[in-house]
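These numbers were taken from a predicted model, which means no experiment stands behind them.
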Amino acid sequence: MPCLSPRALALLLLVPLLGCAGAGAQTGAAAGAPSGAHGDLVVRRGSLRPRLVLTGELAAERAVQLVVPSTSSWQLQIRFMEKDGTPVQAGQKLVEFDNSPFTSDLEEKRSTATQTAADLERDRADAATAAAEKAFAVEQKKSDLKKAQLAASVPPDLLPLDEVQERQLAVRRAEAELTKAQAELAAQRRTSAADLAVRELDLAKTRREIQAAEQAIAALVLTAPRDGIVLVGEHPWEGRKLREGDNVWVGLPVMSLPDLSSLVVDAALSDVDDGRVQPGMTALCTLDAYPGTPFPARVATVAPVARESARSSLLRAFKVRLRLARVDAARMRPGMSVKVEVQGPETQNAVLAPRAGLDLTGETARARLAAGGEATVRLGDCDATACVVLSGLNPGTRLRPVPKGREEREERERGAA
């Protein structure tokens with residue numbers, strides 16, 4: 001290795017140090033450089049149309065409801081149920097309830113009716129026989145009376161006095177016996193008629209019960225009144241669809257056949273956004289199952305009162321109903337989830353400030369100026385990226401991003417230091 005002079009050796013050691021210093025100076029310059037176009041947010045003029053995203057689902061305004069039929073039993077069990085969303089034809093069986101309580105009772109009533117009918121026929125025959133016997137007795141008494149009257153019609157001068165009296169007494173006895181026989185006949189007829197009427201009432205009652213049981217059994221099978229798609233009803237308090245084996249009550253809707261031409265969108269507007277959606281506003285509805293096909297719609301109604309959410313009693317929302325410009329019956333089904341993008345009125349040639357440069361956490365909105373400091377602003381409508389500035393900023397003003405979370409705390413600490 002050649003020998004180096006002290007001066008050359010000093011230059012050789014100084015070169016790395018100069019390189020490190022240059023790199024450090026360059027890094028410091030980059031760190032301290034202004035953000036420029038990368039960090040500044042510029043206030044500009046333009047048009048803004050606020051959009052509010054809601055969640056909803058398809059619903060049918062018109063539908064045929066199938067309910068639990070009215071029977072002698074207030075509670076029924078579902079034995080068969082067609083699957084939710086199944087296409088069906090008119091007359092097809094959709095729901096069948098357990099009929100075992102009715103069939104066992106029906107057989108007993110039929111047996112009772114058969115026995116009652118047999119007893120009625122026997123009683124009618126007995127009543128006819130008894131009435132014939134009583135009527136024959138009456139005819140006999142009439143014949144006896146005629147004989148007694150004929151015997152008493154002999155002139156008294158031709159018979160002894162005691163004989164005349166005896167014949168007259170025989171007439172009175174024959175009249176009394178005829179009256180008694182006629183009364184017994186009338187009583188027998190009244191008694192027989194009353195007994196037969198009771199039997200007939202019992203038989204008619206049993207037959208009505210049989211007819212009611214047969215109708216109830218027939219009503220336990222619900223069929224499709226027309227072609228369509230079936231929707232299974234919701235369990236009243238378990239938050240799920242009804243299924244086979246569930247116990248249901250009279251009048252409860254168990255299925256429906258919606259009219260697909262009447263499909264609408266029911267969405268939920270949070271109570272904190274009260275007033276931001278009004279009837280007549282346009283919207284775009286996108287089915288979650290078909291995200292690439294938006295459907296134009298218009299807000300039809302907004303409920304005047306916010307209701308508690310089914311999922312949480314702490315959340316309240318207004319029901320918003322939207323009417324679709326067109327219905328795609330091949331794709332759309334009631335119950336499908338829908339993303340609703342409500343479009344507000346468009347503001348043209350407005351001063352627009354980027355939301356990233358606005359502090360909206362206080363009572364009044366503030367803009368973070370790139371030159372330093374803040375400016376109080378009055379804002380109009382906003383969307384996800386910008387807000388309309390009514391006063392406080394001019395076009396061309398540069399803003400700096402509003403720090404979030406830890407960045408904001410560090411900035412405050414630096415300002416305090």
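- Under the 4.5 Å side-chain criterion, counting only non-hydrogen atoms from C-beta, Leu76 is not in contact with Asn247.
- Across every non-hydrogen atom of Val164 and Pro156, the tightest pair is CG2-CA, 3.8 Å.
- Considering all non-hydrogen atoms of both residues, Val250 and Pro69 come closest at CG2-O, 3.6 Å.
- Between the side chain of Ser262 and the backbone N or O of Arg62, at least one donor-acceptor pair lies under 3.5 Å.
- Separation of atoms OG1 (Thr347) and CG (Leu352) is listed at 8.5 Å; rounding is to 0.5 Å.
- Under the side chain to side chain contact (heavy atoms under 4.5 Å, CB included) criterion, Glu96 pairs with Arg79, Phe80, Lys93, Val221, sequence neighbours left out.
- By the salt bridge (Lys or Arg N to Asp or Glu O under 4.0 Å) test, Asp195 is found to be paired with no residue, residues two or more places apart in sequence or in another chain being considered.
- Remark: Ser153 pairs with no residue by the side chain to side chain donor-acceptor pair (under 3.5 Å) rule, at least two apart or across chains.
- Contact check for Glu209 versus Thr112: no side-chain heavy atoms found under the 4.5 Å cut-off.
- Asp98 places no side-chain N or O within 3.5 Å of a backbone atom of Gln77 that could act as its donor or acceptor partner.
- The main-chain N or O of Glu108 is never found under 3.5 Å from a side-chain atom of Ser111 such that the two would form a donor-acceptor pair.
- Ala268 pairs by the side chain to side chain contact (heavy atoms under 4.5 Å, CB included) definition with Ala317, not counting sequence neighbours.
- Among all heavy-atom pairs drawn from Leu399 and Ala367, the shortest one is CD2-CB, 4.0 Å.
- A salt bridge links Arg110 and Glu107; the closest N-O separation between the charged side-chain nitrogens and carboxylate oxygens is under 4.0 Å.
- Going from atom CZ of Arg208 over to atom OG1 of Thr206 covers 9.0 Å, rounded to the nearest 0.5 Å.
- Of the possible polar contacts, none joining the Ser256 side chain to the Pro258 backbone as a donor-acceptor pair under 3.5 Å is found.
- Residues Met81 and Met255 have side chains in contact (heavy-atom distance under 4.5 Å, counting atoms from C-beta outward).
- At least one side-chain heavy atom of Arg124 sits under 4.5 Å from a side-chain heavy atom of Glu200.
- In Gln89, the CD atom is not crowded: 12 or fewer heavy atoms of neighbouring residues, nucleotides or ligands sit closer than 6.0 Å.
- Note that CD of Gln182 and NZ of Lys142 are 6.0 Å apart. Values are rounded to the nearest 0.5 Å.
- Taking CG from Leu94 and CG from Leu257, the interatomic distance works out to 6.5 Å, rounded to the nearest 0.5 Å.
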Step by step, work out the side-chain contact (heavy atoms from CB on, under 4.5 Å) result for Val154 and Glu163.
CA-CA 10 Å; Val154 176; Glu163 183 69 21; over 6 Å; no
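- Between Arg316 and Asp271 there is no salt bridge, since no side-chain nitrogen of the basic residue lies less than 4.0 Å from a carboxylate oxygen of the acidic one.
- No donor-acceptor pair under 3.5 Å is formed between the side chain of Arg398 and the backbone N or O of Leu41.
- In this structure Arg333 satisfies the side chain to side chain donor-acceptor pair (under 3.5 Å) test with no other residue, sequence neighbours excluded.
- Residues in residues 224-239 take part in these side chain to side chain donor-acceptor pair (under 3.5 Å) pairs, two or more places apart or across chains: Glu238-Arg240.
- Counting only residues at least two apart or on different chains, no side chain to side chain donor-acceptor pair (under 3.5 Å) pair has a member in residues 125-139.
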Worked check of salt bridge (charged side-chain N to carboxylate O under 4.0 Å, His left out) between Lys180 and Glu177
CA-CA 5 Å; Lys180 179 181 178 183; Glu177 289 178 359; over 6 Å; no
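- Across every non-hydrogen atom of Ala303 and Phe318, the tightest pair is O-CD2, 3.2 Å.
- The residues Glu214 and Lys109 are annotated as not salt-bridged, no charged nitrogen and carboxylate oxygen being separated by less than 4.0 angstrom.
- Residues Ile78 and Arg243 form no side-chain contact, since every pair of their non-hydrogen atoms from C-beta on lies 4.5 Å or further apart.
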Can Glu175 and Arg172 be said to form a salt bridge (charged side-chain N to carboxylate O under 4.0 Å, His left out), step by step?
CA-CA 5 Å; Glu175 290 175 347; Arg172 288 194 292 270; over 6 Å; no
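- Atom CZ of Arg207 has 12 or fewer neighbouring heavy atoms from other residues, nucleotides or ligands inside a 6.0 Å radius.
- The side chain to side chain donor-acceptor pair (under 3.5 Å) search around Arg122 returns Asp119, not counting sequence neighbours.
- A salt bridge is defined here as a Lys NZ or Arg NE, NH1 or NH2 lying under 4.0 Å from an Asp or Glu carboxylate O, and Lys319 with Asp266 meets this definition.
- Residue Arg366 comes nearest to Val377 through the heavy atom pair N-CG2, 4.3 Å, listed as atom of the first residue, atom of the second, then distance.
- Proximity of Thr55 to Val340: side-chain heavy atoms (C-beta onward) are nowhere separated by under 4.5 Å.
- For Glu341, the salt bridge (Lys or Arg N to Asp or Glu O under 4.0 Å) partners at least two apart in sequence or on another chain are Arg51.
- The main-chain N or O of Gly280 is found under 3.5 Å from a side-chain atom of Arg298 such that the two form a donor-acceptor pair.
- Without hydrogens or angle criteria, Lys141 side chain to Ala181 main chain gives no donor-acceptor distance under 3.5 Å.
- We find the NZ-CG distance between Lys241 and Asp246 to be 13.0 Å, quoted to the nearest 0.5 Å.
- Counting only heavy atoms from C-beta outward, the side chains of Asn394 and Val43 never approach each other to under 4.5 Å.
- Residue pairs satisfying the ring-ring contact (aromatic ring centres under 6.0 Å, His included) criterion with at least one member in residues 275-307, sequence neighbours excluded, are absent.
- Using a 4.0 Å cut-off between a side-chain N of Lys or Arg and a carboxylate O of Asp or Glu, Glu166 and Arg173 qualify as a salt bridge.
- Heavy atoms only, all atoms of each residue included: Leu260 and Ala329 are closest at CD1-O, 4.1 Å.
- Counting only distance, with no hydrogens or angles, the side chain of Arg378 and the backbone of Leu390 share no donor-acceptor pair below 3.5 Å.
- Contact check for Leu287 versus Thr293: no side-chain heavy atoms found under the 4.5 Å cut-off.
- The disulfide bond (SG atoms under 2.5 Å apart) contacts involving residues 344-398 comprise Cys382-Cys387, where partners must be two or more places apart or lie in separate chains.
- Not a single side chain to side chain donor-acceptor pair (under 3.5 Å) links Lys339 to another residue, sequence neighbours left out.
- Distance check, rounded to the nearest 0.5 Å: CG of Leu231 to CG of Asp84 gives 5.5 Å.
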